[in-house]
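See below for the structure under consideration.
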Amino acid sequence: MLYQAPRGTSDILPEEQAYWRFIEQKVAESAQLYGYERIDTPAFEDTKLFARSVGEDTDIVTKEMYTFEDRGKSSLTLRPEGTASVCRAYLEHGLHNQPQPVKLYYIASIFRYERPQAGRYRQHYQFGYEAIGEGDPALDGEVIDLAWRFFADMNLRRLTLQLNSIGCKQCRPNYVDSLKSYYVGRALELCPECQTRLKRNPLRLLDCKQAGCQKVAAAAPKSVDYLCNECAGHFNQLKRYLELLKLPFNVNHQLVRGLDYYTRTVFEIQPEAGGSQSTLAGGGRYDDLIGELGGKPTPAIGFAAGMERLILNLKEQKVAIPPLPKPRVFIACLGDEAKETATKLAAELRGAGVGVIAAMGDKSLKAQLRQANSLGVRYAVIIGEEEVRAGTAVLRDMGSAEQKSVAVGELQGLLK
RNA sequence: GUGAGUGUAGCCCAGUGGUCUAAGGCGCCAGGUUGUGGCCCUGGAUAUCGAGGGUUCAAAUCCCUCCACUCACCCCA
């Protein structure tokens, strides 16, 4: 094989496209339902944008970014996530002058240099929704409702909604401190990786999968017990809204997310019996991010979902996807004159909005019909020398195998 | 970055040292009389057996190196 797609990337072949178009359509529909408008941002941005927003010490920034210098010596990075770009656009275009919150959604390719495996790729696609400019917990509830409804409406079953609150700039340090002091006494029970996490990123201690560490994590201090009054009130109100909306959330004290910008609300939607790379959607509040990017303090919340993982789940659960439309008519012909008639007819039908596949080459009629059959068209139009002389064509119904001779001029009306 | 598994035609795969100048199935192409698909039958094309090196009289089959893919860890959608 001379060339193949780079590791962790893949071609989306025609046979897969129905899934992609289906999801895109559902994304647009639910955006419309909740008042979100589409935004598309560049595939790459100034490297500093991601470093600042995602967090200098996160895995994404330290080892997963596709960073390059362009010919003008600017350091650019292929977007490793969607939120930072949307916030940049919000600031750059003065969207704070619009009624708040500004609700935006996107469908975009995402790039991370990781070892690919099931449900994880170096280039993958995410769709996401961001609501910027409002801190009301009712908005958190609405966003989570949107996320939940999105998957439920696709007839995906056995999903769970994981929820947590990780506090704000004021109260989180207290929590991290108490987490540290809890863990320091138990360092010997931890796996080697957790020993280093203890120093570098204590929050991550909570979601280590090692059995021993799990045990320690289960009894660890909970972030919700360290929330300041404002954060606690916000979280309580959110839970109240989720109950009103009848969303079956599970407060998961070990849910922490890998991007630094999250504050207060964090949530994920996971399949119940998921493998390791199973999270379908994740998100939360990022009340400090716009400010850190140079704007005035602006609360915001959003989430993103992985398209490939969603498709994986749709397939596993055998969710029926509507087929993509395709031509219903195949035109077969025999002889040079017939081909001219067929060529003109095909153009006329297409002009009238009827999709047509015209036979090419000079294959036998048998071969042409075989092709028509495998294309799955509803009708075959057959034009041979006799038909040319008579100004007619044979219209064959590929389902019933019934056929009749009709005037060429009548076809457009019959096939419309 | 770490660990494990796998690499034979477009796809699924048989074949574990010598009749392998590689079998089968799907798919593809053609034919089964003069201009008709789907079923069936017949025929055909398509494989430097992942790459390179080594062992041997002899290697798809054994050894080494590399590469790729898959799965898992890390982390995330």
Side-chain angles (χ1 to χ4, degrees), chain A residues 1-8 10 13 15 23 54-55 57-64 79-83 107-128 147 151 191-194 196-197 200-201 204 207-210 256-259 268-271 274-283 302-313 330 332-335 338 359 361-388 393-403:
Chain A
M1 196 74 65
L2 221 48
Y3 292 109
Q4 53 187 316
R7 169 175 290 189
S10 55
L13 296 172
E15 59 187 9
I23 294 170
V54 175
D57 294 326
T58 57
D59 277 22
I60 289 179
V61 171
T62 56
K63 53 185 201 190
E64 295 178 358
R79 64 180 157 227
E81 62 104 39
T83 301
I107 298 173
S109 50
I110 302 290
F111 305 86
R112 290 183 201 164
Y113 188 85
E114 306 181 274
R115 285 289 285 270
Q117 60 189 276
R120 191 170 66 188
Y121 313 96
R122 288 186 174 178
Q123 179 183 178
H124 74 280
Y125 291 83
Q126 291 183 8
F127 58 89
F151 295 105
C191 70
E193 278 141 29
C194 278
T196 60
R197 285 191 185 111
R200 281 227 300 273
N201 197 348
R204 298 236 66 86
D207 60 2
C208 181
K209 288 179 195 99
Q210 301 284 325
V256 292
R257 298 188 43 77
L259 288 72
E268 288 187 1
I269 291 176
Q270 304 173 348
S276 38
Q277 315 299 328
S278 58
T279 297
L280 273 173
F303 79 94
M307 312 256 284
E308 287 83 356
R309 286 188 190 175
L310 173 53
I311 291 171
L312 223 53
N313 278 266
F330 183 91
C333 59
L334 289 161
D362 53 351
K363 290 192 273 261
S364 69
L365 183 58
K366 182 189 184 113
Q368 293 182 59
L369 285 172
R370 201 161 28 219
Q371 187 185 355
N373 184 61
S374 66
L375 287 167
V377 296
R378 176 77 196 276
Y379 299 104
V381 172
I382 302 165
I383 302 170
E385 283 160 25
E386 284 172 31
E387 285 74 20
V388 171
V394 172
L395 177 60
R396 179 177 179 84
D397 183 311
M398 294 298 284
S400 66
E402 283 167 16
Q403 63 182 43

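Residue numbers begin at 1 in each chain, while the letters A, B, ... track the order of the sequences.
As judged by a 4.0 angstrom heavy-atom cut-off over every strand, Ala281(A) is placed among residues touching the sugar-phosphate backbone only. At the heavy-atom level, Ile110(A) lies nowhere under 4.0 Å from the strands shown. Tyr121(A) comes within contact range of at least one nucleobase, with a heavy-atom separation under 4.0 Å. Within the nucleic acid shown, Arg204(A) comes within 4.0 Å of sugar-phosphate atoms alone, with no base atom in reach, counting heavy atoms only. Counting any heavy atom pair closer than 4.0 Å across all strands shown, Leu280(A) reaches sugar-phosphate atoms only and no base atom. Among the heavy atoms of the strands lying under 4.0 Å from Gly399(A) is at least one base atom, whether or not backbone atoms are also near.
In this structure Arg204(A) satisfies the side chain to side chain contact (heavy atoms under 4.5 Å, CB included) test together with Arg197(A), Asn201(A), Asp207(A), Val256(A), sequence neighbours excluded. For Glu81(A), the side chain to side chain contact (heavy atoms under 4.5 Å, CB included) criterion is met by Val54(A), Thr83(A), Ala84(A), Arg112(A), Leu259(A), Tyr261(A), not counting sequence neighbours. For Val394(A), the side chain to side chain contact (heavy atoms under 4.5 Å, CB included) partners at least two apart in sequence or on another chain are Ile382(A), Glu387(A), Gln403(A). Under the rule for a ring pair (Phe, Tyr, Trp, His ring centres under 6.0 Å), Phe330(A) has no partner lying at least two apart in sequence or in another chain. Legend: residues meeting side-chain hydrogen bond (donor to acceptor under 3.5 Å, both in side chains) with Arg257(A), ordered by chain and number and at least two apart, are Glu268(A). With sequence neighbours left out, Asp57(A) forms a side chain to side chain contact (heavy atoms under 4.5 Å, CB included) with no residue at all. Residues meeting the ring pair (Phe, Tyr, Trp, His ring centres under 6.0 Å) test with Tyr125(A), sequence neighbours left out: Trp20(A).
Nucleotide rC11(B): paired with rG25(B) (Watson-Crick or G-U wobble, both distances less than 3.5 Å). Pair assignment for rG17(B) gives none, since no Watson-Crick or G-U wobble pairing has each distance under 3.5 Å. Pair assignment for rU42(B) gives rA30(B), based on Watson-Crick or G-U wobble hydrogen-bonding distances that are each under 3.5 Å. In this structure rC74(B) sits in no base pair that meets the Watson-Crick or G-U test at under 3.5 Å. With both pairing distances under 3.5 Å, rA51(B) is matched to rU65(B) as a Watson-Crick or G-U wobble pair.
Shortest non-hydrogen contact noted between Ala305(A) and Ala281(A) is CB-CB, 3.7 Å.
Across residues 379-388 of chain A, Ile382(A), Glu386(A), Glu387(A) each have a non-hydrogen atom less than 4.0 Å from an atom of RNA chain B (numbered order).
One C1' atom belongs to rC71(B), the other to rG32(B), and the distance between them is 49 Å to the nearest Å. The separation of rA60(B) from rG3(B), taken at their P atoms, amounts to 31 Å, rounded to a whole angstrom.
Phe127(A) and Phe303(A) have perpendicular rings, their planes meeting at more than 60° on a 0 to 90° scale where under 30° would count as parallel.
With rounding to whole Å, Leu369(A) atom CG is found 13 Å from rG31(B) atom P. For Lys366(A) and rG32(B), the NZ to C1' distance is 6 Å, given to the nearest whole Å.
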Below 3.5 Å is the cut-off: list the nitrogen or oxygen pairs between protein and nucleotides 66-69 of chain B, distance only.
residue: rC69(B); atom: OP2; partner: Arg7(A); partner atom: NE; Å: 2.8
residue: rC69(B); atom: OP2; partner: Arg7(A); partner atom: NH2; Å: 3.0

Check nucleotides 25-30 of chain B for protein N or O atoms closer than 3.5 Å to its own N or O atoms and list the pairs.
residue: rA30(B); atom: OP2; partner: Arg370(A); partner atom: NH2; Å: 3.2

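One cannot find a donor-acceptor pair under 3.5 Å joining the base of rG38(B) and the side-chain atoms of Asn373(A).
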Report summary line: Readout for nucleotides 7-12 of chain B: B = base within 4.0 Å of protein heavy atom, S = sugar-phosphate only, - = neither; 5' to 3' it is ------
Requested in this report: Sugar-phosphate means primed atoms, P, OP1 and OP2; the rest is base. With that split, encode nucleotides 42-47 of chain B 5' to 3' as B, S or - using protein heavy atoms under 4.0 Å.
Outcome: ------
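Of the two residues near RNA chain B, Arg257(A) and Met398(A), the one whose nearest nucleotide lies more 5' is Met398(A). Projected onto RNA chain B by closest heavy-atom contact, Met307(A) and Lys63(A) fall at different nucleotides, the more 5' of which corresponds to Lys63(A).
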